[in-house]
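Scroll down for the structure; my scribbles are underneath it.
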Number of protein chains: 2
Amino acid sequence: MTLKELAKALNLSPTTVSRALNGFPEVSEATRKKVQAAADAYGYRPNMRARSLATGRAMAIGHVIPVSSEHEMMNPVFADFISGAGEVYASHGYDMLISIVPDEDQERAYEEFRTKGSVDGIIVHAPRAGDQRIHLLKQVGIPFVVHGRASDSDEAYSWVDMNNLRAFHRATKFLIDLGHRRFALINGLEDMDFAIRRRAGFEAALEEHGLSPGDCSYFSGEMTEQYGHDSTLELLRLAEPPTAILTSSMIPGIGIRRALREAGLTLGKDVSVIIHDDDLSYLPNGREEPQFTATRASVRDAGKRAAAMLIDLIESGNPAPRTEMMEAELILGASTGPAPAHKPMRQTEPS
Amino acid sequence: MTLKELAKALNLSPTTVSRALNGFPEVSEATRKKVQAAADAYGYRPNMRARSLATGRAMAIGHVIPVSSEHEMMNPVFADFISGAGEVYASHGYDMLISIVPDEDQERAYEEFRTKGSVDGIIVHAPRAGDQRIHLLKQVGIPFVVHGRASDSDEAYSWVDMNNLRAFHRATKFLIDLGHRRFALINGLEDMDFAIRRRAGFEAALEEHGLSPGDCSYFSGEMTEQYGHDSTLELLRLAEPPTAILTSSMIPGIGIRRALREAGLTLGKDVSVIIHDDDLSYLPNGREEPQFTATRASVRDAGKRAAAMLIDLIESGNPAPRTEMMEAELILGASTGPAPAHKPMRQTEPS
DNA sequence: TGCGCATTTCAAACCGGTTTGGAGTGATCC
DNA sequence: GGATCACTCCAAACCGGTTTGAAATGCGCA
C-alpha cells in the first residue's frame, strides 16, 4: 500500500494525504481524521527509502566497529555501549547501522557511509593515538560523536568520555596509601587513547609519591581473560613480583584471579588488584560486596549519552561541538588490601 | 556529485553512465573506461537511498536483538555472532541494521522492518517456545533465517542451529561414565529454545542410564557470572549437593568456579563442571589445556553461516527453506574428574 | 452582486538513481 | 543502392515519498 494508492482510495491528492499524516497545519481536522483512519485501516506505512530520499534524512546512525584483524576479536564492551545507544535511537525513530570492519579498512568505511548517504551521523569508537578519522570526518562535514578522545588532535569535535586519567590516578594513589610499592599495569592496546590516559594517570600518581614509573611492569594487549592470566603468570616469575596490579577491564581481571589462584596466592592479600569496571550487564562486579575493587563507569550509560548528543547535533542544526566527561567511581571490593610485609612467594609451580 | 552531474560533465546521458558503472553490456568498452575514470576522479559514489528506491533492494539485513526489559541485558554472545555475520555482509555489499528492542516490542519491530522497507532480510535471534515471530515473518513473506529453532512450530523455515540436544546428551553421559550420580543444570531462561533442547539432552542421558531427572537441581536464568555464582552457592547448601554441574555458557561457569573456591572446594575434583563454550573471542577457554571441559561450537561461525544462508536466500530467488545443523565438539578440560567417593563438604562458610 | 481574505486542496516538480523502448550510426549482405 | 543487423547511446518513465506554487472553495462584508 503506497501513499498514492491511499490517496486514490480516499479521493484525495497525495499531497493532502502526506500532509495529513505528517501533521501539517494546512489540512483540516476533519480530513486529517479521515486520512488517519484509512491509513490505519489499510495498515499503511511510509516507505523509508522513498521518504529519506525526498527529505535528505536517512534516519539512521552509523557505527563503525573495528575488529582486530589478528584475533578477529570484537571488543565485548561494544555490546553494552550499543545496547545503550540503541535504546536512545529507538525512542527517537532512528535506525542503527553497524559496519564490522577490520582495523585497516576503517577509513574506507567512513568514506562509504558518507558517500552512500545511508546515515545522518556517525559514532566513532576506540580512538587511537594519531587517529586520522576525526580529521577525515570533519572534512566530510557529517555530524559525529567520538566515544573517547584522540589525545593528539587539536581540532574541536564532539565527544563523550570517561575521565580515565583521574580514575587510574585515584586507584593508584589508593594502592600507594595501602603501602604498595611494586606495581604492574595490565593495560589495553598501547595506542588506544583510553590506555594512554590510564597509564598517564597511573604514572602521575606514582611520581607524586616519589615512586619511579620505570620500575613497574607494563603489559598492553587485547583484553581477554587469557591475556590477564598469562600476563600475571609472567609477573609472578619475576624476582620481585608486584604486590599490586591494575587492569583495564573485568575480563583480564578474571584471568588475573585465575592465575593467582593457580600460583597459590590470595587475591586481596598477597596481591591486590584494581580493575576498571565497565558495568557490563553479564559480568556484574557486585553491588553490596564487589568482587574487585574497581573504578566504575557504565559503558551502557556512555552509549546513551553519546547517542543523545549525536541526535541533538543532527536535529538542532547547531554544529558547535559538545563534550561530556563522565567520572568513574572508585568502589571498594574484596580484591585489595594492605601491602604484604614480605614479597609473595609462589606456593605451587604454575603450569 | 550525482549521477546526472557526472553525465553532464561527460556529455553523456545518465542512462549510459549508470550502465557503464554497473557493467551492462550495452556500453562500449571505450566509454566505460572514460566513465569509470571520471567517476573515480570526481569521487562519485551512488546514493544508496536512491538506488535502493529504484531497484527495490535495500542492500541491508536487519537484526532484531531482544533485550531483557528487566535487566536491560544484552546477551553477550550476540557480539560474536554479529561480528561473524557482519564480515559476510561486508564482503557481499550489505549493511547491517540493528534494532535493540525490549522483549515485549519484538513483533512490532519486525512489522516495521517490513513496512519501512529498510531491509531485504532478517535474522531472528533467540527463538523461544511458542514464538510467534516465525509465523509472522512467513506471512509477511520477507526472507529470514533463524539462529536456533522454534521447537513447537510445524512450519518450514530456514535456520542455522547447533545440535544442543546431542551436545548436552554427550556431556551428561560423559559425567555419568565418570561415576557422577547427582547433577545440577544451570541453564538459560527456561523458555529459550536452546535451553529446552539442552535440558532434553541432559534428561535423556540420565534416563538411559537409569537415573531420575527429577532428582536433579535445575536453574534457569540469564547467563551472568553472578547467576552461576549464586546458583552454585544455593546448590552447596543442599543436604546432598550435586557432584557435577552442567551450564550453558562460560560466563556462569566462571561464577560457578568462584563459588566453589569460596566454599573451599576444588573444581574438577570435588565438583565437576561442564560448560557450553561459544568460543567467544574475549573468553577463550584455551586450546592446549582448556580450563573447562566443554561442548564447543563457535557462535561467530554460526553468524557467518546464517548470514551466508540469508544472502543466498535473497539473491538466489529460491525461497525453499535451508537448514544447517552444527555439531559441538566435546573437549576435555581441567574442570572434570571422577566422582568423589564422599559427598563434598564445605570447608568454609560461603558469605 | 462583487470583492477580499483565509482555508483547504491539488498538479507538478523533485530527491538520485534504474530501466524500458526507441533512435541513430556504421558495417554487412544481397 | 537499399535492407538488415549489431552496436551504442538516449529520452522519458519510474521507484514512493515530500514540497512548491497555484487554484478552488467558503465566508464576511461593503
Side-chain angles (χ1 to χ4, degrees), chain A residues 1-36 38-39 42-60 93 95 112-120 142 315, chain B residues 1-36 38-39 42-60 93 95 112-120 142 315:
Chain A
M1 169 58 74
T2 73
L3 184 138
K4 277 160 193 168
E5 289 166 7
L6 220 201
K8 199 156 291 173
L10 278 162
N11 257 333
L12 284 172
S13 75
T15 312
T16 306
V17 174
S18 171
R19 289 187 159 154
L21 293 174
N22 290 316
F24 281 73
E26 298 95 326
V27 48
S28 73
E29 199 50 40
T31 49
R32 180 194 314 290
K33 285 234 174 66
K34 215 168 52 187
V35 170
Q36 190 64 59
Y42 288 108
Y44 166 79
R45 294 296 176 100
N47 178 311
M48 282 307 287
R49 297 197 293 260
R51 166 181 288 187
S52 80
L53 177 58
T55 59
R57 303 266 314 269
M59 291 310 284
D95 287 328
E112 286 205 347
F113 262 161
R114 177 203 62 164
T115 52
K116 298 199 303 185
S118 35
V119 300
D120 298 319
I142 187 169
E315 298 193 341
Chain B
M1 170 59 73
T2 73
L3 184 138
K4 278 161 192 167
E5 289 165 6
L6 220 201
K8 199 155 291 172
L10 279 162
N11 258 333
L12 284 171
S13 76
T15 312
T16 306
V17 175
S18 171
R19 289 187 159 155
L21 293 175
N22 290 315
F24 281 73
E26 300 94 328
V27 48
S28 73
E29 199 50 40
T31 48
R32 181 196 312 290
K33 286 235 174 69
K34 214 169 53 187
V35 170
Q36 190 63 59
Y42 288 108
Y44 167 78
R45 296 296 176 99
N47 179 311
M48 282 308 287
R49 300 197 293 261
R51 166 181 287 188
S52 80
L53 177 59
T55 59
R57 303 266 314 271
M59 292 310 285
D95 286 328
E112 286 204 349
F113 263 161
R114 180 203 59 165
T115 53
K116 299 198 302 184
S118 33
V119 301
D120 298 319
I142 187 170
E315 298 192 341

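When reading the values below, keep in mind they use all heavy atoms of this one structure, side chains included, and skip hydrogens, waters and symmetry mates. Throughout, protein chains are lettered first and strands after them, A, B, ... in sequence-line order, and every chain is numbered starting at 1. Note that this is a predicted model, so its numbers are computed, not measured.
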### Message
Is there a salt bridge (charged side-chain N to carboxylate O under 4.0 Å, His left out) between A/Lys8 and A/Glu5? Walk through the geometry before answering.
### Response
CA-CA 5 Å; A/Lys8 199 156 291 173; A/Glu5 289 166 7; over 6 Å; no
### Message
Applying side chain to side chain contact (heavy atoms under 4.5 Å, CB included) to B/Asn47 and A/Lys116, what does each step give before you reach the verdict?
### Response
CA-CA 5 Å; B/Asn47 179 311; A/Lys116 298 199 303 185; over 6 Å; no
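Under the 3.5 Å distance criterion, the side-chain polar atoms of B/Ser18 are left unmatched by any main-chain donor or acceptor of B/Pro14. With A/Asp120 contributing its side chain and A/Arg57 its backbone, the two residues share no donor-acceptor pair below 3.5 Å.
Per the geometry, CG belonging to A/Asn11 stands 13 Å off P belonging to C/dT9, to the nearest Å. If you take CG of B/Asn47 and P of C/dT18, they are 10 Å apart, rounded to a whole angstrom. As a whole-Å value, the separation of A/Lys116 NZ from C/dG17 C1' is 15 Å. Residue A/Leu6 contributes atom CG, which lies 13 Å from atom P of C/dC10 at whole-angstrom precision. The interatomic distance linking B/Arg51 (CZ) with D/dG16 (C1') rounds to 18 Å, in whole Å. Rounded to whole Å, the distance from CG on B/Leu53 to P on C/dT18 is 11 Å. Atom NZ of B/Lys4 is separated from atom C1' of C/dT18 by 10 Å (rounded to the nearest Å). Atom pair A/Lys8:NZ and C/dT9:P shows a separation of 19 Å (rounding to whole Å applied).
The side chain of A/Thr16 places an N or O atom within less than 4.0 Å of a non-bridging phosphate oxygen (OP1 or OP2) of C/dC10. For D/dG17, the OP1/OP2 oxygens have a side-chain nitrogen or oxygen of A/Tyr44 closer than 4.0 Å. Between A/Ser13 and C/dC10, a side-chain N or O to OP1/OP2 separation shorter than 4.0 Å is present. In this model, the phosphate group of C/dC10 is not approached by any side-chain N or O of A/Thr15 to a distance below 4.0 Å at OP1 or OP2. Between A/Asn22 and D/dT18 there is a side-chain polar atom (N or O) within less than 4.0 angstrom of OP1 or OP2.
Between A/Leu53 and A/Arg49, every side-chain heavy-atom pair lies at or beyond the 4.5 Å cut-off. The closest side-chain heavy-atom distance from B/Tyr42 to B/Leu6 is below 4.5 Å. For the pair B/Leu10/B/Thr31, no side-chain contact is recorded, criterion being any heavy-atom separation below 4.5 Å from C-beta on.
Taking a 4.0 Å limit (strictly below) on heavy-atom distances, residues 24-34 of chain B reaches DNA chain D at B/Glu26, B/Val27, B/Ser28, B/Thr31.
Where B/Leu12 and B/Ala54 meet DNA chain D, the nucleotide closest to each residue was compared, and B/Leu12 sits on the side nearer the 5' end.
Closest to the B/Arg19 side chain, of the nucleotides D/dT19, C/dT20, C/dT19, is C/dT20.
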